[in-house]
Amino acid sequence: MAPPIDHFATSSSLLIEAARAILHKRSLHKVSQDVNAPSGTTADPVSVTDLCTSREELYKLVESLCQAKHGKELFEKVNAEIIHAAKFVLAKMETTQLSDLLTLYEEFSQYIFYIRNIFLALDRSEKKNIYDFGKNHFRELIIQKNLFQSVVVPNLFQSIKALRVEYSLRLLEQPDFVVEGQQSDFDVKNGVQMVRDLGFYDELEELFVEESRTFYLKEGSSLFEGDKLQTLPKYIEIAQKLLNYNNSLVGKYFNSGSTKLKIKYALEECLVKRFMGRILGTNVADDSSGANQFYALLDKSDQTLHTLYNLFNKINAKDELYNAVTLWGKARGEAFVSESNPIPSLLSLHKKLCNITEIIQNKGIIKIVLETVLNEGGGNKVPQALAKQFDETLRGKNTTATAKSTDSLDALFVLFTFVVNKDTFGMHYRSLLGRRLLKEDSESLDVERSVLSKLKGECGAHYTSKLEGMYNDIELSADLGVHYAEYCKNTQAGGVVEFEPKILTTGYWQQPPQHDLHLPQSLLDHMKHYNDYYTTKYKGRRVVWQHSLGQIVIKAIFPVKNSDSKPKIYQFALSQLMGLILYQFNPVDDEEPPRELTLPMLTAATNIPEDEVIRCLLSLSKSKDKQQRVLLHHKNDTSTQRDRKNPITPEDTFTVNTSYKSNKMRVKIPMMSSRMEHNAKLAEEEEQISEAIMRDRNHAIDAAIVRLLKTRKVIKHHALLAELMSSGVLKFSFQPQDVKKRIESLIEREYIERDANDRNTYKYLA
């Protein structure tokens with residue numbers, strides 16, 4: 001039953017008494033009992049924890065007072081009591097332990113919770129939240145007593161620091177190290193929640209970010225260059241784990257996306273960004289000293305690089321990482337190009353670049369690095385070495401399986417696509433291809449054709465026209481060989497000697513020096529018959545024999561000392577020049593004693609140049625195994641002084657080694673030469689190829705200029721240069737002065753002319 005309005009003082013006193021009973025956890029009388037009951041009477045005590053019926057009556061009492069317009073006066077009394085309660089609770093704080101403050105905060109929170117439940121009608125009547133007022137009063141007292149700065153912050157930060165130190169020690173494999181000052185997880189979580197409830201969170205967040213920055217500035221310096229110094233891969237691993245750990249730590253205790261983000265940025269700055277230059281090696285001057293661990297990391301290209309990429313991606317420094325990888329690739333490539341055979345190392349570099357760029361997600365680095373490295377210094381060394389590597393791969397003796405050689409060729413072709421001076425490669429490739437085809441030394445003509453197809457797809461039909469002509473010549477020669485055999489059979493031409501000429505079209509094949517040799521009659525007869533056959537079949541064509549390119553197989557019969565045994569028979573596969581030399585030792589009949597021939601005698605009998613005769617004799621007489629020397633060299637040391645330049649004197653004699661012995665029935669005897677002669681021959685070949693390259697380049701530039709002017713009729717010099725460089729017609733690198741020289745040549749030959757009023761303008765002359 002609602003009390004009368006004139007009983008406000010009595011009712012409010014009863015309510016305040018109930019609030020104090022809750023605060024002090026005392027028993028109170030039933031609210032239905034009169035506060036002014038006569039002394040001596042007793043009331044039934046009701047405990048604070050068992051106020052179900054009493055709270056309901058108190059709530060109805062508050063509701064009645066609010067309906068009677070006494071809400072404002074009642075709120076003032078309640079507010080004053082809450083202030084008193086907050087002071088009363090905090091007066092119990094006797095230590096600086098966070099756990100004690102949390103206990104008191106929990107006590108006050110329970111108190112204010114009960115009070116709000118009783119005075120809920122007052123909340124609605126006055127539109128004021130008693131719970132918020134209570135928390136604000138508690139917050140003001142916290143500020144007055146400086147408990148936030150002296151208790152909350154130090155204890156929370158000390159606990160989090162202890163967790164961080166403990167984790168760092170575990171990363172450094174020091175798990176037994178004792179860490180002091182750590183609070184329980186319960187206290188840390190409740191401490192942060194209390195700070196959030198009381199409105200201190202923004203201030204705590206700012207202090208926490210600054211404290212984290214200070215801690216990891218010191219920790220990062222210690223790990224990267226201080227007393228906890230780690231290798232670069234280990235430091236990268238630790239930095240990533242520290243970032244992950246702190247992300248988990250902040251999520252566990254702070255549960256705030258904003259705080260996570262701020263801590264993430266702070267730690268990335270402390271652990272990664274400030275060491276970025278030193279991590280990438282851009283601050284290290286001497287790579288060879290081993291100080292630049294970043295280069296070693298790239299050489300290894302393992303999971304650590306993936307971690308590093310993730311770190312740099314987080315700090316928006318991918319471009320710096322890409323630049324550092326590019327510098328590494330160029331440095332490694334420049335070192336590899338200086339090697340005698342740079343291709344294996346460059347293939348390894350390309351493979352590493354593929355792995356690295358797959359990890360850092362930037363394939364464009366491969367193009368930048370290889371285009372720079374492969375075309376350094378004019379770009380002639382790498383194309384030449386690349387052509388030789390193609391030759392070694394395509395030769396059957398250096399490949400074990402077609403699949404393996406195909407993979408190797410694919411890798412080589414990738415390098416070729418980045419070569420600018422493709423004409424240099426083409427010239428050397430054509431020379432080596434000619435040797436393979438003539439010596440029948442290719443692994444597979446199908447593989448050769450597949451390489452040709454790729455070259456054609458990359459550079460166009462004009463680039464491979466001569467190469468295709470060489471293949472066509474070999475195929476045509478095989479067909480002609482079959483038809484010539486039928487011709488010999490029908491005309492009874494030829495003889496016991498097998499004769500398989502190859503037709504080499506002039507212009508497709510590089511032309512070696514010609515020799516007018518003294519050949520055996522059997523070969524001369526075959527040459528005459530074939531010449532008649534060919535000129536009859538193809539009217540208007542002329543046959544020129546290139547004996548220096550010829551290969552020959554000689555059947556050699558060596559007698560044995562025991563007349564009852566069969567003679568030893570071998571087949572020697574050698575060059576035509578060597579075969580002609582060896583043929584001179586053939587006796588006219590069985591009664592003739594073994595021949596002893598000298599250098600002048602052999603030169604006169606064969607008409608081969610003396611230096612070539614010396615090379616042939618050395619090849620036939622200088623095998624490491626004496627039993628496998630076809631000829632025996634008898635030195636006459638009383639004659640001309642002997643030296644490296646003159647290993648054979650005119651007085652030295654040569655005889656057939658009748659004791660020759662080999663495990664093989666067919667023996668291939670290569671042409672041999674001294675290192676000096678070999679280098680001189682290579683230099684001569686290189687000079688000839690270089691001259692041919694320059695001629696072809698001049699013709700290509702001339703043709704490109706004339707075609708362009710024929711289309712434009714009139715063009716300025718700078719526009720002409722820009723068009724030549726951008727069109728991609730020229731398969732080699734060139735300089736503006738090269739174009740200028742060709743322009744002058746075309747003007748002299750009256751293909752083009754300069755404008756009378758502007759020397760930088762050219763006109764086409766029809």
Which pairs would a plain distance check flag for residues 263-271, meaning a side-chain donor or acceptor within less than 3.5 Å of a matching protein atom at least two apart in sequence or in another chain?
unit_1	atom_1	unit_2	atom_2	d
Lys264	NZ	Glu268	OE2	3.0

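Put simply, CD on Glu81 and CZ on Phe119 are 9.0 Å apart, with the number rounded to the nearest 0.5 Å. Separating the NE2 atom in His137 from the NZ atom in Lys87 is a distance of 10.0 Å, to the nearest 0.5 Å. Between atom CD1 of residue Ile160 and atom CG of residue Asn155 there is a gap of 11.0 Å, rounded to the nearest 0.5 Å. Between the OG1 atom in Thr95 and the CG atom in Asp100 there is a gap of 3.0 Å [rounded to 0.5 Å]. In this structure, Asn246 CG and Lys260 NZ are separated by 11.5 Å, a value rounded to the nearest 0.5 Å. Atoms CG and CG, on Leu297 and Asp302 in that order, are 6.5 Å from each other to the nearest 0.5 Å.
Shown here is Glu358, whose CD atom has no more than 12 heavy atoms of other residues, nucleotides or ligands within 6.0 Å. Under a cut-off of 6.0 angstrom, the local environment of NZ in Lys363 is crowded, with over 12 non-hydrogen atoms contributed by other residues, nucleotides or ligands. In the displayed structure, Lys234 atom NZ is contacted under 6.0 Å by more than 12 heavy atoms of other residues, nucleotides or ligands. Taking a 6.0 Å sphere around CG of Asn255, one finds it holds 12 or fewer heavy atoms contributed by other residues, nucleotides or ligands. Dense packing is recorded around NZ of Lys135, with more than 12 heavy atoms of other residues, nucleotides or ligands lying under 6.0 Å away. Environment of CD in Glu206: sparse, with no more than 12 heavy atoms of neighbouring residues, nucleotides or ligands closer than 6.0 Å.
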Item to complete: Report the C-alpha separation of Arg332 and Asp299 in whole Å, then their side-chain angles, then the decisive distance to 0.1 Å, and conclude whether the side chain to side chain contact (heavy atoms under 4.5 Å, CB included) test is met.
Response: CA-CA 10 Å; Arg332 289 289 185 261; Asp299 289 335; 2.8 Å; yes
Worksheet item: Should Glu140 and Asn136 be marked as a side chain to side chain donor-acceptor pair (under 3.5 Å) after you check the CA-CA gap, both sets of side-chain angles, and the distance that decides it?
Response: CA-CA 6 Å; Glu140 290 172 1; Asn136 288 336; over 6 Å; no
Item to complete: For side chain to side chain contact (heavy atoms under 4.5 Å, CB included), just list the numbers for Ser256 and Tyr201, CA-CA rounded to whole Å, side-chain angles, deciding distance to a tenth of an Å, and then say yes or no.
Response: CA-CA 10 Å; Ser256 169; Tyr201 189 79; 3.2 Å; yes
Worksheet item: Stepwise, does the side chain to side chain contact (heavy atoms under 4.5 Å, CB included) test hold for Met194 with Val152?
Response: CA-CA 9 Å; Met194 181 187 71; Val152 178; 3.7 Å; yes
Worksheet entry | Candidate pair Asp197 and Tyr105, rule side chain to side chain donor-acceptor pair (under 3.5 Å), full reasoning | CA-CA 11 Å; Asp197 291 345; Tyr105 175 71; 3.2 Å; yes
Practice prompt. Go through the steps to decide whether Leu156 and Leu204 satisfy the test side chain to side chain contact (heavy atoms under 4.5 Å, CB included), and finish with yes or no.
Written response: CA-CA 10 Å; Leu156 283 178; Leu204 177 69; 4.2 Å; yes
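At least one side-chain heavy atom of Leu242 sits under 4.5 Å from a side-chain heavy atom of Leu223. Between Val78 and Ile82 the shortest side-chain heavy-atom distance falls below 4.5 Å. Between Phe138 and Ile112 the shortest side-chain heavy-atom distance does not fall below 4.5 Å.
In this structure, Glu237 pairs ionically with Lys241, as a charged nitrogen and a carboxylate oxygen lie closer than 4.0 Å. Remark: Glu210 engages Arg213 in a salt bridge, criterion side-chain N to carboxylate O under 4.0 Å. At a threshold of 4.0 Å, the pair Glu225-Arg278 counts as salt-bridged, since one of the basic side-chain nitrogens sits closer than that to a carboxylate oxygen.
Formation of a donor-acceptor pair under 3.5 Å by the Asn375 side chain with backbone atoms of Phe418 is found in this model. Side chain of Ser221 to main chain of Lys218: no donor-acceptor pair is present (N/O by atom type, distance under 3.5 Å, no hydrogens or angles). With hydrogens and angles disregarded, no donor-acceptor distance shorter than 3.5 Å links the side chain of Tyr309 to the backbone of Leu321. In this structure, Ser168 contributes its side chain and Arg164 its backbone to a donor-acceptor pair below 3.5 Å. Remark: side-chain polar atoms of Thr307 are paired, donor with acceptor, to backbone N or O of Gln303 under 3.5 angstrom.
With sequence neighbours excluded, no residue forms a ring pair (Phe, Tyr, Trp, His ring centres under 6.0 Å) with Tyr131. Among residues two or more places apart in sequence or in another chain, the ring pair (Phe, Tyr, Trp, His ring centres under 6.0 Å) test is passed with Phe148 by Phe200.
Partner of Phe275 under the ring pair (Phe, Tyr, Trp, His ring centres under 6.0 Å) criterion, chosen from Phe312, Phe224, Phe294: Phe224.
Closest heavy-atom contact between Leu349 and Gly333: CD2-CA, 3.7 Å.
Using the six-membered ring where Trp is involved, Phe133 and Phe75 have ring planes that are perpendicular, over 60° apart on the 30 and 60° scheme.
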